[in-house]
Amino acid sequence: MKEKSSAKLTFGDGRSIDLPVYGGTIGPDAIDIRALYPKAGVFTYDPGFLSTASCNSSITYIDGDEGVLLYRGYPIEQLATHCDFLEVCYLLWFGELPNADQKKDFDLIVARHTMVHEQLSRLYQGFRRDAHPMSVMVGVVGALSAFYHDSLDIHNAKHREISAFRLIAKLPTIVAMAYKYNVGQPFMYPKNSLSYTANFMHMMFGVPAEEYEVNPVLVRALDRILILHADHEQNASTSTVRLAGSSGANPFACISSGIACLWGPAHGGANEAALNMLTELQAQGGVEKVGEFVKKVKDKNSGVKLMGFGHRVYKNYDPRAKLMQETCREVLDTLGLHDDPLFKLAMALEKVALEDEYFVSRKLYPNVDFYSGIVQRALGIPVSMFTCIFSLARTVGWIAQWNEMISDPEQKIGRPRQLYQGATRRDVLPMAKRP
Ligand code: ACO
């Protein structure tokens, strides 16, 4: 990293310390505070990491004020329009888009790794049928390290690559198996003549008794959902994967920790919440009740939020939401659902909110989750599987970020400090003397 300037920190007692300031290729500069504790004996305090860059990275860039999302420099709009998900995986992992030969080779490598160890299939029988599929995902993905321990040397670049390709290839199989187990249908083996996303849909919706008919518009829609969710820089689950990996844990265990974090409703569960909100509002009267609902959302005492609106980083239209709205329209048209009441309701809500002073002044815009639930529902994906699809898409981002961290010579075990507010030293009293 190149030092761009320095910052002087002055304490009340007259001491001061100079700290280097680094510039990124784009985005805000960062003050290097590593010398702060050794030289000045103080920590910085930043719960939720609102102002802390935990690493340097070359993978994904977000400008939340402008509504920009770049993977390896390429705008998400261009990637979602011109590339398929595996091209985006190649880009995130290798740093460049593949040429035609590289794409062919990569597609083949991934296709050749789509099956899971037959004994792994038996692991599913240990779960209750009614278990949430995300709980199954946490267990099964973590268990991959018990099956693929021939490539777990994290200091060997080839081993890291094999594990990454296995994860990218096997996640669709694992997600589809979690679904099939839940609904009591037989597992479907992958079919490598199909594209990555068509194969996933075949394993999700196909049954051995009938040939699954691939609809290219629906495949493209799901492929786009995967592209839009593939990476999002240092979000909670990615930071979890990095932190777990910083101790030297194996990649399968790290990705399992990312899945656990993603499961939380404040992270991966929001599309489910947005769809539930629309369904409830529809039951209460739909478009006619939009005004009343928005009034409730603005009332702080109501505890009601407009789910799928607002974002910690985007203070502008989430670029993924625009693409998702486009896809939503395409899918509903293809399925002959142009009059889908939930889509109409979502559009009406968006229109009212975008013109309302409450939302305008707080820079609250639709996020990717506002429309993705409607698309997934139309594709036949049950609500309980939404977060599993998200984890399938995000696996490539997690593993690319993990690999970047392991390859970084500055990498250290992640170990935040704290501002202690507890009791000072005291002695244990005998039981009879305790209050
Ligand atoms: N509906 C109504 N009011 C909202 C909403 C919303 N969806 N989001 C934010 N606000 C209001 C807050 O009440 C606050 O108002 P105030 O300044 O009068 O107190 C103001 O806007 C700022 O909101 P914060 O909560 O401080 O914003 P923050 O950046 O911390 O939170 C978050 C972002 C959590 C995403 C929030 O907007 C939210 O809860 N949205 C709904 C849930 C959602 O859609 N999450 C998906 C995020 S995208 C993803 O994870 C893939």
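In each ligand, atom 1 is the first atom listed, and ligand 1 is the first ligand listed. Keep in mind it's a predicted model, so treat the numbers as computed, not measured.
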Legend entry - Nearest-neighbour protein heavy atom for atom 19 (O) of ligand 1, which is reported as residue plus atom name and distance: Lys300 NZ, 3.5 Å
Legend entry - Residue part near ligand 1, for Phe370, under 4.0 Å between non-hydrogen atoms: neither
Inset, instruction - Considering heavy atoms of the protein only, find what lies nearest to atom 17 (O) of ligand 1 and give residue, atom and distance to 0.1 Å. - result: Arg362 NE, 3.8 Å
Legend entry - Test of proximity, Leu306 against ligand 1: N or O pairs below 3.5 Å: yes
Inset, instruction - Go through the side-chain N and O atoms of Arg166 and Ser151 and say whether any donor and acceptor fall under 3.5 Å apart. - result: yes
Legend entry - Pairing residues for Asp65 by the salt bridge (Lys or Arg N to Asp or Glu O under 4.0 Å) criterion, not counting sequence neighbours: none
Inset, instruction - Ignoring hydrogens, just give me the one of His311, Lys363, Lys305 whose non-hydrogen atom is nearest atom 38 (C) of ligand 1. - result: Lys305
Legend entry - Ligand-residue contact atoms, ligand 1 with Arg312, heavy atoms, under 4.0 Å: 28 (P), 29 (O), 30 (O), 33 (C)
Legend entry - Under 3.5 Å: N/O of Leu364 near N/O of ligand 1: no
Inset, instruction - Say whether Thr238 and Asn235, considering side chains only, have a donor N or O and an acceptor N or O under 3.5 Å apart. - result: yes
Legend entry - Proximal ligand 1 atoms for Tyr358, defined as those under 4.0 Å from one of its heavy atoms: 2 (C), 3 (N), 4 (C), 11 (C), 13 (O)
Inset, instruction - For atom 50 (O) of ligand 1, find the nearest protein heavy atom and state the residue, atom name and distance (0.1 Å precision). - result: His267 O, 3.2 Å
Inset, instruction - Tell me which part of Lys315 gets within contact of ligand 1: side chain, backbone, both or neither, using heavy atoms under 4.0 Å. - result: side chain
Inset, instruction - Could you check atom 49 (C) of ligand 1 against the protein and tell me its nearest heavy-atom contact, residue, atom and distance included? - result: Asp369 OD2, 3.5 Å
Inset, instruction - Could you tell me whether Asp318 approaches ligand 1 through its side chain, its backbone, both or neither, with non-hydrogen atoms closer than 4.0 Å? - result: neither
Legend entry - Contacts of Glu357 that satisfy salt bridge (Lys or Arg N to Asp or Glu O under 4.0 Å) - sequence neighbours left out: none
Inset, instruction - Looking only at distances, please establish whether an N/O atom of ligand 1 is found under 3.5 Å from an N/O atom of Gly308. - result: yes
Inset, instruction - Using a strict 4.0 Å cut-off to heavy atoms of Val297, name the atoms of ligand 1 that fall inside it. - result: 1 (N), 2 (C)
Inset, instruction - Decide whether Asp107 and Tyr196 meet the rule of one side-chain donor and one side-chain acceptor closer than 3.5 Å. - result: no
Inset, instruction - For Gly310, take its heavy atoms, then give the atoms of ligand 1 lying under 4.0 Å from any of them. - result: 35 (C), 37 (O)
Legend entry - Heavy atom of the protein closest to atom 45 (N) of ligand 1 (residue, atom name, distance): Ala270 CB, 3.5 Å
Inset, instruction - Answer yes if a protein heavy atom lies under 4.0 Å from atom 29 (O) of ligand 1, otherwise answer no. - result: yes
Inset, instruction - Indicate the ring-plane relationship of Tyr148 and Phe252, choosing parallel, tilted or perpendicular according to the 30° and 60° boundaries. - result: tilted
Inset, instruction - Using protein heavy atoms only, decide if any is under 4.0 Å from atom 32 (C) of ligand 1. - result: no
